[in-house]
Amino acid sequence: MSMKNHFIGRDFLTLMDYKPEEIHYILEVAKDLKYKHKMKKAHNFLQRHTIAMVFEKPSTRTRFSFQVAIAHLGMQSFFATPETMQLSRGEPVKDTARILDRYCDALVIRTYGQNIVEEYAHYMEKPVINALTDLTHPCQGLADMLTIREHKGEISGNKLAYVGDPWNVCHTLMICCSLLGMDCYVALPKGWKPAKVVMDFAEDNAKIRKTKMVITESLETAVKDADVVYANTFHSMGHKNIEERKKAFASYQINDETIAKAKSDAIFMHCLPCYRGEEITDSVIEGLQSVVFDQGENRMHTEKAVLSLVLS
Ligand code: CP
Ligand code: NVA
């Protein structure tokens, strides 16, 4: 069976469900679709398909990258927030899921619990794509891996330092590093840690690939000689204890001094949106090592790859 057939009809809920060779294959398809886009070659081979998009949290990149990708592939998207749906009046997910399944060819959903995307997937035959939950952000992970590959030539063999809250993006990077052969250092203040389910997965997979999976309180240990420095917000969508988080993470800012401890050819990444002056300084985000807008662009190419593979 060709690799392509592995994907048809599959959900995309977390990269923990995908093998390294499957992730590499998605990145190859994304590279090809990016080339087609740059060369202005038509790739609208999924005409007459319709995609439901339900977003329970704000979004700029994910919403627009998906909607533009869907249009480029010849499909149509239908976007709604739960407040405009009967979900807001108590209609259960299991009923919503079965109705959307009858109309659309896939669901792209951004919500809170991973259990919610799993419930949609359980009640839908059509593919469900996770556009961010509290636990994971697999679409971001794919764009990040494509960006690292483009800028560093290879994914494996790099050291990635993550600084920010132990939340969806942190988890996704831990998963990606452990599957694709990167050393992963996560700098966190005392008492803060990633979700156990991700920690266990990442530790097991790092062991298999003989790479490092380190949680450290020392920002210096994390960033020292890193090839990739990845910052993220100290408070994510849905967090209420913002002041407590800002205080706890205050000394974990990526600025010119911190980035100087990484390798001289290190790249700087951030999933965006960022808070200049909190986790990151303007000088780093606008600096020569920053690849944040390439990352943002790659969201569209990698999402196009996922859609074309699960729907082909
Ligand atoms: N990085 C990312 O997912 O951005 P949005 O929240 O704007 O979609
Ligand atoms: N950690 C962030 C990611 C935003 C794309 C959040 O969930 O708010």
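Just so you know, ligand 1 is whichever comes first in the structure, and atom 1 is the first atom listed for that ligand.
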**Student:** So His72 and His43, would you call those rings parallel, tilted or perpendicular, with 30° and 60° as cut-offs?
**Tutor:**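 Rings of His72 and His43: perpendicular, over 60°.
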
**Student:** Can you list everything that forms a salt bridge (Lys or Arg N to Asp or Glu O under 4.0 Å) with Glu118? Sequence neighbours excluded, please.
**Tutor:**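 Listed in chain order: nothing, the list is empty.
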
**Student:** Could you tell me whether ligand 1 has any atom less than 4.0 Å away from a heavy atom of Leu272?
**Tutor:**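 It does, in that a heavy atom of Leu272 comes within the 4.0 Å cut-off of ligand 1.
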
**Student:** What atoms of ligand 1 come within less than 4.0 Å of a heavy atom belonging to Gln140?
**Tutor:**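 This gives 1 (N), 2 (C), 3 (O) as the contact atoms.
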
**Student:** With heavy atoms of His137 as the reference, note each atom of ligand 1 found under 4.0 Å away.
**Tutor:**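 Those qualifying, in numeric order: 2 (C), 3 (O).
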
**Student:** Among all protein heavy atoms, pick out the one at the shortest distance from atom 7 (O) of ligand 1; state its residue, atom name and that distance to 0.1 Å.
**Tutor:**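 Answer for atom 7 (O) of ligand 1: Thr60 N, 2.7 Å.
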
**Student:** Under the 6.0 Å and 45° cation-pi test, does Lys57 pair with Tyr112?
**Tutor:**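 Output yes; distance and angle both within limits.
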
**Student:** Quick one: does NZ or CZ of Arg10 land under 6.0 Å from the six-membered ring centre of Tyr18, within 45 degrees of the ring axis?
**Tutor:**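 Ring-cation test returns yes.
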
**Student:** State whether the number of non-hydrogen atoms from other residues, nucleotides or ligands found under 6.0 Å of Phe45 atom CZ is greater than 12.
**Tutor:**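 Enclosed: over 12 neighbouring heavy atoms sit under 6.0 Å from CZ of Phe45.
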
**Student:** Would you say Glu125 has more than 12 foreign heavy atoms packed within less than 6.0 Å of its CD?
**Tutor:**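 Count not over threshold, so no.
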
**Student:** Within ligand 1, which atoms have a heavy atom of Arg299 less than 4.0 Å away?
**Tutor:**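 Those of ligand 1 that fall under 4.0 Å from Arg299 are 1 (N), 2 (C), 3 (O).
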
**Student:** Using a 4.0 Å heavy-atom cut-off, which part of Asn232 comes near ligand 2: side chain, backbone, both, or neither?
**Tutor:**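 Answer for Asn232: side chain.
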
**Student:** If we only count N/O pairs under 3.5 Å, is Asn168 in contact with ligand 2?
**Tutor:**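 Yes: some nitrogen or oxygen of Asn168 is under 3.5 Å from one in ligand 2.
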
**Student:** So, the side chain of Thr14 versus the backbone of Asp17: is there a donor-acceptor pair under 3.5 Å, distance only?
**Tutor:**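 Absent.
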
**Student:** Met237 to ligand 1: N or O pair under 3.5 Å?
**Tutor:**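 The answer is no, given that Met237 and ligand 1 share no N or O pair closer than 3.5 Å.
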
**Student:** Starting from atom 6 (O) of ligand 1, which protein heavy atom do you reach first, and at what distance in Å?
**Tutor:**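 Heavy-atom neighbour on the protein nearest atom 6 (O) of ligand 1: Arg110 NH1, 2.9 Å.
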
**Student:** Got an N/O contact under 3.5 Å between Cys271 and ligand 1?
**Tutor:**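 Yes, at least one N or O pair falls under 3.5 Å.
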
**Student:** Is it the case that ligand 1 has an N or O less than 3.5 angstrom from some N or O of Ser59?
**Tutor:**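 Between Ser59 and ligand 1, an N or O pair is found under 3.5 Å apart.
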
**Student:** Do me a favour and list the nearest non-hydrogen protein atom to atom 4 (O) of ligand 1 with residue, atom name and distance?
**Tutor:**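 Protein heavy atom with the smallest distance to atom 4 (O) of ligand 1: Arg61 NE, 2.9 Å.
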
**Student:** Would you mind listing which atoms of ligand 2 come within a distance below 4.0 Å of any non-hydrogen atom of Leu272?
**Tutor:**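 Answer for ligand 2: 5 (C).
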
**Student:** Please output the side-chain donor-acceptor pairs of residues 73-81 that fall under 3.5 Å, not counting sequence neighbours, one pair per line with the distance.
**Tutor:**
{"from": "Ser77", "atom 1": "OG", "to": "Gln67", "atom 2": "NE2", "distance (Å)": "3.1"}

**Student:** Has ligand 2 got any nitrogen or oxygen that is less than 3.5 angstrom from a nitrogen or oxygen of Met237?
**Tutor:**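 Looking only at distances, the answer is yes, because the N/O contact criterion of under 3.5 Å is met.
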
**Student:** Atom CD of residue position Glu154 - does it have more than 12 heavy atoms of other residues, nucleotides or ligands inside 6.0 Å?
**Tutor:**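 At most 12 heavy atoms, drawn from other residues, nucleotides or ligands, come within 6.0 Å of this atom.
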
**Student:** So, does Asp134 sit close enough to ligand 2 that a heavy atom of it is under 4.0 Å from the ligand?
**Tutor:**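 No, Asp134 has no heavy atom closer than 4.0 Å to ligand 2.
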
**Student:** Evaluating non-hydrogen atoms only, which member of Cys170, Ser236, Pro273 is closest to atom 1 (N) of ligand 2?
**Tutor:**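 Checking each option, the heavy atom nearest atom 1 (N) of ligand 2 is found in Ser236.
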
**Student:** If we ignore angles and hydrogens, is there a donor and acceptor under 3.5 Å between the side chains of Gln86 and Asp95?
**Tutor:**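 Per modelled atom types, Gln86 and Asp95 side chains form no pair under 3.5 Å.
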
